[in-house]
Structures are given as C-alpha cells and as structure tokens.
Amino acid sequence: MFPSLNEQMDLIKRGVSEIIPEDSLVEKLEKSIKLNKPLIVKLGCDPSRPDLHLGHSVVLRKLRHFQDLGHEAVLIIGDFTGMIGDPSGRSKTRPALTLEETRKNGQTYFEQATKILSTRRIKMLYNSEWLSKMTFAEVIVLASKYTVARMLERDDFEKRYREGEPISIHEFLYPLAQAMDSVAIKADVELGGTDQKFNLLVGRDIQREFGQEPQVAITMPILTGIDGVEKMSKSLDNYIGISDPPNEIYGKTLSIPDELIYDYFLLTTDVSDKQLSKLKEEINTKPRDAKRLLARTLVKMYWSEDAALQAESEFDRLFVRKELPEIIDEYILKTSEKEMNIINLLYETKLVSSKSEARRLIEQGGVSIDGNRISDINENIPLESNFVLKVGKRKFLKITIQKDN
RNA sequence: GGGUAGGUAGCGAAGUGGUCAAACGCAACAGACUGUAAAUCUGUCGGCUUCGGCCUUCGGAGGUUCGAUUCCUCCCCUGCCCA
C-alpha cells in the first residue's frame, strides 16, 4: 500500500528545485496508487569518481524518499561512458576506465550509496548492458532525433562554444546515451542536480521518440561546498565525504560559512520541517550552536551518536583548547644514533614531501616537539626518549625510539 | 584543404635573447586572530643545499647562439575564420 498522494507529494517536494512537469508527477502517482504499482525512479551515477560526498547525498536522499514511499530505485552505473573516457585530453576528471575498474567503482559506489539508500527496492544496472549492444546505425538514428541547436541550448555547451572552448562530438552523445538509459528501464522519474536538468529533459524527448511515456524530471539544488563559493566537488577539495572519518566530517562541517547552515540542514539531514523553522531562528542568534548541532547530526547519520560526541570533544580539545588529540599515529624510529637533524626527521617520517618543504615549515614556525616550537632548521633532536611531533595545525605523530644496536 | 591565433608551475595568466624558478590572481600550505579547519591579516609556494650556490622545468624533437620560455625547422594538440 502506498501513502496518500498528498503525503507523497509533501515528502517528494521537500528541498527540490524543480519538478518538470509537476502535474505529470501527480498523474503518475495517482496511477501508481490505483494500480498498486511502484514508480521506477532512476538515478545515473558516474563511476569514474566513486567517492561520494554530501553533494551526492542530496540526490541520493531524495531517491531514498521515493524508496520510503514504496517506489523502486534504479541506480544506473555509467560504465559505458566511463570506458570511453574523454579523449579531448583536457578533462582529467573523466579518465578512460577498463571494464574491471568500472565494475569495481560501481561496487564501491553501491556500498557507499547504501549508507543512504535502502537495500530493499533497489536495483543497480550497468548501462554498457544495452549501450554497448547498439550498432553504429542505431546510434546514427538516435543522433538524428536531436539537433545541434538544441544541444547548444545546454548552458555549459553554449558557454564553452561562445568562449571558444573545445567541445568534442562525443560530448553531444552523452545526453543521448543517458536518455537511452531511461528508455531501457522505462523510467517514470529521473533525479539529478539542477545541472542535470538538460540531460533529464533530453530523456523525456527520447522516451517519447521510442513510444514511451516521458519521465518526470526532478532536480535538486546543487550543494555549495565547504568553501561557501563553489559547488561541492572532489576536485575542488571542498567536500565532506560520506565515508570520511567522524573527526573529518565534524571539523569540515564547522568550517562552512554560517550562511550555509540552513541549506545543509534542509538538503543533507532529516530534521523535520518544524525543527527547520526553529533552526532558522537559532542560526541567526546562535550560529555556533546550530553549526555544532549540524556537525553532530551529520556524524551521527554516517557513523553513530557516540562517534558524534567523540568528534565534538576531540575538536574542542584540538582547536578550542589546543591540546593533543586523544589518539595519535605512531612512528617507530629504529636507530642507533643519539640525535637526528629535524629536517631529516620530518622527511623520514614522511610528514613532508621534500626537504625544502621541511625547511619552509620550520622557518614559518609550523613544527613543534612536545609543544615546543622548533625554529632552527639545523636543530638536532635528541633520540633518548619518545616524543610527539606536530606539523601544522592538524598533523601529529608520536615518535617511538627503538635502539637497534 | 587554406588562413589565423594559441599551447608557460595544481589552475588561470604575464613574459618575447641574458637581470627567469619565471610577475599577478586563484587554489594550497604555515603563522596570528577566532566559536571554527570560516573570514581577515602576514608569509611561503620546483628539487637539492655546507645558505655561497647547484640541478631540472615554459607542448615535443632537433638547430642557431657564449647564452633560448624568448630566434629558426619539423611534429603534436586547441580555438576562430574561409572552403
């Protein structure tokens, strides 16, 4: 049994950017209730970057909502396009992958996605299954259904074209390939970020060409990264990974600008609408507390309540009280020497990638031993007893001496 | 196929024979400050160094020159215009 239409629409509409077209979604839901048949809700996944972050979670969570309402989630792993890669050579974000790699990444993707998605009512498919079987003639027929002018309607194509940036022909084929995925699974709904709007709409057109009822396109807002400027992405290194350790999730969350707190609550957590309006108030009056709550909430979602509390006390210890972390990695230094030059020590323990970097860090006051800053690059460190080496704000290493004579 | 403009450090972008490891901006890193790993400010930002310097880099391969990121030849890649 499915929840009522209104109940479904309330949950579906939470946080969304656009539903195109909304009345068509209503019709599909009504039909689904009447026939007691779940909708097929599609989400395309890029297997070239299998590390999921909160940005991905926005759409995945929406897919989860559909699952919770009784509908069927279909994850399409874009292994086919992943194997082709991007021959233009400029885009390092789409390296050509082997079949094995895409399978492995697909598996990793699935493991991470199911931290958010339910493992019931879910299907994962590789699009090479149908795309690799298409003949060149079929591809040409498919390509004939769309025009260059319409392709150039897409924002990023238009922009690149206008600015003299190269666009390879195969990039025009991607939206069509993605549309074929919708045809293959007879999608009722396709989810994506607002940047996917164009592709989702192409899906509608192509489904229609194949005599299917067009899918409803639902777009979610793009989550801004922790820098508060760009969209969250791995390559910009402004992301919070859903597999990040608790301390990372906590610390990164606290570093977001205050203006983002509300959006993060809305798009990446389950707090109720009632709580949301209360939070809006708190964000203005006590942003610090609201943000700490957000950070705990996120750690709790991906780890546990305990982990959240621990991450918070660890954070306070390290950055508020500037004490040592509870757990420090250990490095066993086997040596017969009595002392060691600080630069060599940093280099040997791999806390720095070059000796020049070590020199720089020391000169800038970023290196300390047991809380005492090292300011001389020629300083020799006595190797009599164990000590804690600190580099920068966040790198700690416990050095344990082991005499090997 | 013809014409034309380009390819410089992680990215963007200056430099057009020596004073170039290469301006500037972004990112990154360190320090100060802070509720914060934010913002802001200061500094650093190829490698090695006995701190004097030394070594490897400016699409690729050759060449001219005492000396080339800068000049020449060929090749590869990209944009635009014409066909």
Side-chain angles (χ1 to χ4, degrees), chain A residues 53-54 86-93 152 157-171 224-241 244-264 282-296 298-299 311-323 325 341-344 346-348 350-368 371-380 389-396:
Chain A
H53 52 63
L54 287 187
D86 190 342
S88 70
R90 282 173 310 97
S91 170
K92 292 156 204 138
T93 56
L152 286 174
F157 282 153
E158 200 270 336
K159 186 161 171 277
R160 282 161 69 188
Y161 190 66
R162 184 161 31 85
E163 290 174 0
E165 293 286 324
I167 302 170
S168 303
I169 297 291
H170 80 288
E171 295 186 67
T224 306
I226 60 176
D227 58 1
V229 184
E230 306 277 356
K231 75 168 188 174
M232 184 174 284
S233 90
K234 191 171 183 212
S235 50
L236 292 171
D237 198 24
N238 63 356
Y239 69 100
I240 299 173
D244 277 351
N247 291 347
E248 289 285 308
I249 294 183
Y250 190 90
K252 284 181 180 176
T253 304
L254 279 200
S255 79
I256 66 171
D258 292 353
E259 307 83 70
L260 290 183
I261 300 173
Y262 182 80
D263 279 353
Y264 273 51
E282 186 171 351
I283 290 165
N284 286 323
T285 53
K286 290 182 280 182
R288 184 187 107 109
D289 292 346
K291 203 190 279 184
R292 284 167 73 98
L293 174 63
L294 173 66
R296 272 185 317 229
L298 288 170
V299 176
E312 184 158 277
S313 64
E314 179 83 348
F315 187 89
D316 288 346
R317 191 198 330 262
L318 243 62
F319 300 108
V320 180
R321 298 198 300 273
K322 314 235 185 273
E323 294 166 7
N341 175 270
I342 182 66
I343 290 173
N344 292 331
L346 290 170
Y347 189 68
E348 177 149 344
K350 301 217 167 57
L351 284 166
V352 297
S353 58
S354 74
K355 293 189 178 180
S356 298
E357 192 189 343
R359 274 184 205 97
R360 240 177 266 136
L361 283 164
I362 294 164
E363 277 162 10
Q364 294 180 129
V367 177
S368 66
N372 302 312
R373 182 174 286 180
I374 305 294
S375 48
D376 180 5
I377 58 168
N378 293 316
E379 184 148 339
N380 287 315
L389 190 53
K390 183 183 181 193
V391 175
K393 280 200 244 300
R394 301 175 54 206
K395 278 197 253 176
F396 295 87

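To find a chain, count down the sequence lines: A is the first, B the second, and so on, and within it residues start at 1.
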B/S/- contact track for nucleotides 30-35 of chain B, protein heavy atom under 4.0 Å: SSS-BB

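- Using P as the reference atom, B/G63 and B/G17 are 23 Å apart when rounded to the nearest Å.
- Between the P atoms of B/A22 and B/C54, the separation comes to 13 Å (whole Å).
- Both A/P257 and A/K355 lie close to RNA chain B; mapped to their nearest nucleotides by heavy-atom distance, the more 5′-ward contact belongs to A/P257.
- Considering A/I226, A/T253, A/I240 as possible partners of A/L54, the one that fulfils the side-chain contact (heavy atoms from CB on, under 4.5 Å) test is A/I240.
- Between A/R162 atom CZ and B/G79 atom P the separation is 17 Å, expressed in whole Å.
- Note that the CD1 atom of A/I283 and the CZ atom of A/R288 stand 15.5 Å from one another [nearest 0.5 Å].
- For the pair A/E163 CD and B/C80 P, the interatomic distance rounds to 12 Å; values are reported in whole Å.
- Taking atom CD on A/E379 and atom P on B/C51, their separation rounds to 17 Å, with Å as the unit.
- B/G1 and B/C74 are spaced 16 Å apart, taking the P atom of each and rounding to whole Å.
- Regarding A/E363, its CD atom lies at a distance of 16 Å from the C1' atom of B/U42, rounded to whole Å.
- The residue among A/I249 and A/Y347 whose nearest nucleotide of RNA chain B lies closer to the 5′ end is A/I249.
- The residue A/N247 sits close to a base: some heavy atom pair falls under 4.0 Å.
- Comparing the P positions of B/A38 and B/A27 gives a spacing of 12 Å, expressed to the nearest Å.
- For the pair A/K252 and A/Y239, the cation sits on the ring face: its NZ or CZ lies under 6.0 Å from the ring centre, inside 45° of the axis.
- Nucleotide B/U36 holds its P atom 17 Å from the CD atom of A/E259, rounded to whole Å.
- Between the CZ atom of A/R359 and the P atom of B/C48 there is a distance of 7 Å, given to the nearest Å.
- Listed by chain and number, the residues in a side-chain hydrogen bond (donor to acceptor under 3.5 Å, both in side chains) with A/K390 amount to none (sequence neighbours excluded).
- Looking at every heavy atom in both residues, A/A358 comes nearest to A/I343 through CB-CG2, 4.0 Å.
- Distance check on atom P: B/A14 versus B/A23 gives 14 Å, rounded to whole Å.
- Distance OG/A/S368 to CG/A/L361: 11.5 Å, rounded to 0.5 Å.
- Smallest separation of non-hydrogen atoms from A/N344 and A/K355: OD1-NZ, 3.3 Å.
- Taking atom OH of A/Y161 as the reference point, atom C1' of B/U78 lies 15 Å away to the nearest angstrom.
- Separating the C1' atom of B/G15 from that of B/U57 is a span of 16 Å, rounded to the nearest Å.
- The aromatic ring centres of A/F319 and A/F315 sit less than 6.0 Å apart.
- Regarding the sugar-base torsion, B/G59 falls in the anti class, its angle being beyond 90° of 0.
- In this structure, A/I256 and A/K291 have side chains that are in contact, with non-hydrogen atoms separated by less than 4.5 Å.
- Comparing B/A9 with B/C26, their C1' atoms sit 13 Å apart, to the nearest whole Å.
- For the pair A/L318/A/E323, no side-chain contact is recorded, criterion being any heavy-atom separation below 4.5 Å from C-beta on.
- Rounded to whole angstrom, the span from the CG atom of A/D237 across to the P atom of B/C29 amounts to 7 Å.
- Taking every heavy atom of both residues into account, A/A311 and A/P246 meet most closely at CB-O, 3.9 Å.
- In this structure, A/S354 reaches the sugar-phosphate backbone alone: every heavy-atom distance under 4.0 Å involves primed, P, OP1 or OP2 atoms, never a base.
- Here the separation of B/U69 from B/U78, taken at their P atoms, is 26 Å to the nearest Å.
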Its dot-bracket string being built from Watson-Crick and G-U pairs below 3.5 Å, with | for another strand and [ ] for crossing, RNA chain B has the pattern ((((((((.[[[..)..(.....]]].(((((.......))))).(((....)))...[[[[[..)....]]]]]))))))).

